[in-house]
There are 2 protein chains.
Amino acid sequence: MRLSTKGQYGLRAALDLADRYGQGPVPLKAIAEREEISEHYLEQLIAELRKAGLVISQRGAQGGYILARAPDKITVAEIVEVLEGPIAPVDCLAEDNCKRSPVCAAQAIWKKLAAAMNQVLGSTTLADLIAENKRLKS
Amino acid sequence: MRLSTKGQYGLRAALDLADRYGQGPVPLKAIAEREEISEHYLEQLIAELRKAGLVISQRGAQGGYILARAPDKITVAEIVEVLEGPIAPVDCLAEDNCKRSPVCAAQAIWKKLAAAMNQVLGSTTLADLIAENKRLKS
DNA sequence: TTTAATCCCAACTAATTTACTCGGATTTCG
DNA sequence: CGAAATCCGAGTAAATTAGTTGGGATTAAA
């Protein structure tokens, strides 16, 4: 019941960008160093975020990455879903083709769990986390 | 962000036992057939539940498995934790040794998520799910 | 007391996923 | 032009998943 490092690293990278939103493009190398993540690996993850329209890239010298929207307009759920797929504890909810569904007493709890997870992740923005972190450190 | 089949199968087996609580031992073969799960694989899972004290076994002919407590005294969280480990979306919460912890803005959301997941799974018993399923089918 | 039903246990394995690495091509600023 | 960046596809070692295989031990019932 764990997120893979893709989701974890991806969120940290997004938060790194959120922290620097409005200050021009942030090069991958800088993110990788601050977050202590393999640069090449992070490149693949951020590419997925770019393809999903959550970050924008600027190629060439002085280039880097920028969040596609303001940090208060991007939820954690969006980041996680791009990198980990739908936020659902079991496949049979996402797939919706489980033939045991009508007799499966377990299904109800997975639905409840999925709803709770989506509520938490969908109602928290990158800006929320940056603000909370700043508050804690002060 | 998915449970493995261990957690899913394990919960289904536990629910199968819950449905027959008070009717004597239920043989593994019967559970495996009803739930369409490999008998030998399920055997390994239920062995973990037994070692954790959640089910009791009766060996020999006419033997089988019985829930160690009444279905309304066993939560889904207990079953899942035995088979999948602590209910936490990232390791750094369970391990409590992440050196980035003081600067990690991501940590807050994982804590919130873990709390929500534990709340949902910890407040639902096997009896709750059996009852809800019966209600839906009627 | 035999026999059949059951659980118990350990080892093995194929497929998939994870978490990367490697090597280069392309773009853009100064 | 040259350095700083992103872009892209392929390769890979280790771990995990989801089982399978094969036998041994226990017990109720005939």
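Computed from a prediction, not measured in an experiment: that's the story for all the values here. Lettering of chains follows the sequences in order, A, B, ..., and the numbering in each one begins at 1.
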Practice task
Look at the side-chain N and O atoms of A:Arg50 and state whether any lies under 4.0 Å from the OP1 or OP2 oxygen of D:dC8.
Solution key: yes
Exercise for the section: Please confirm whether the backbone N or O of B:Ser4 pairs with a side-chain atom of B:Glu84, one donor and one acceptor, at under 3.5 Å? Expected result: yes
Fill in the blank from the handout: Between B:Pro27 and A:Tyr41, the residue closer to the 5' end of DNA chain C by nearest nucleotide is B:Pro27
Handout entry: From B:Leu67 atom CG to B:Asp72 atom CG, the distance as rounded to the nearest 0.5 Å
Key = 10.5 Å
Problem - Donor-acceptor under 3.5 Å (A:Arg2 side chain, B:Ala88 main chain) - result: yes
Problem - Bend angle of the helix from C:dT1-D:dA30 to C:dG30-D:dC1, from helix axes over five pairs at each end, nearest 10° - result: 10°
Exercise for the section: Output yes when a side-chain donor or acceptor of B:Glu78 lies under 3.5 Å from a complementary backbone atom of B:Thr75, and no otherwise. Expected result: yes
Practice task
Give a yes/no on whether any side-chain N or O of B:Thr5 is located under 4.0 angstrom from OP1 or OP2 of D:dA18.
Solution key: yes
Practice task
Whole angstrom is fine here: how far is it from CG in A:Leu45 over to C1' in D:dC8?
Solution key: 15 Å
Completion exercise
In whole angstroms, the gap separating C1' of D:dC7 from CD of A:Glu39 amounts to 13 Å
Problem - For atom CD of A:Glu48 and atom C1' of D:dT6, their distance in whole Å - result: 16 Å
Handout entry: Straight-line distance of B:Ile37 CD1 to B:Glu39 CD, nearest 0.5 Å
Key = 11.5 Å
Problem - Under 4.0 Å protein heavy-atom contact, by nucleotide of nucleotides 22-30 of chain D - B base, S sugar-phosphate only - result: B-BBBBS--
Fill in the blank from the handout: d(A:Leu45 CG, A:Gln8 CD) to nearest 0.5 Å is 11.0 Å
Problem - Spacing between A:Gln44 atom CD and D:dG9 atom C1', to the nearest angstrom - result: 10 Å
Handout entry: Atom-pair distance (CD1 on A:Ile56; P on D:dC7), nearest Å
Key = 12 Å
Handout entry: Hphob cluster co-occupancy, B:Tyr21 + B:Ile74, side-chain heavy atoms under 4.5 angstrom
Key = yes
Handout entry: Atom of B:Ala108, atom of A:Leu129 and distance for their closest heavy-atom approach
Key = CB-CD2, 4.0 Å
Handout entry: Side-chain donor/acceptor of A:Arg34 to backbone N/O of A:Asp16, under 3.5 Å
Key = no
Completion exercise
Here the distance between atom P of D:dA4 and atom CD of A:Glu33, to the nearest Å, is 13 Å
Handout entry: Between CD1 on residue A:Ile79 and CG on residue A:Leu126, distance to nearest 0.5 Å
Key = 5.0 Å
Handout entry: Nearest-angstrom distance from the residue atom CD of B:Glu84 to C1' of D:dT17
Key = 11 Å
Handout entry: Rounded distance in Å - CD (B:Gln8) to C1' (D:dG19)
Key = 15 Å
Practice task
Look at the side-chain N and O atoms of A:Ser57 and state whether any lies under 4.0 Å from the OP1 or OP2 oxygen of D:dA5.
Solution key: no
Handout entry: Salt-bridge criterion met for B:Glu132 and A:Lys112 (N-O under 4.0 Å)
Key = no
Problem - Donor-acceptor pair, side chain of A:Arg12 and main chain of A:Glu35, under 3.5 angstrom - result: yes
Completion exercise
In the 5' to 3' direction, the nucleotides of DNA chain C bounding the stretch that comes under 4.0 Å of a heavy atom in chain B are C:dA5 to C:dA11
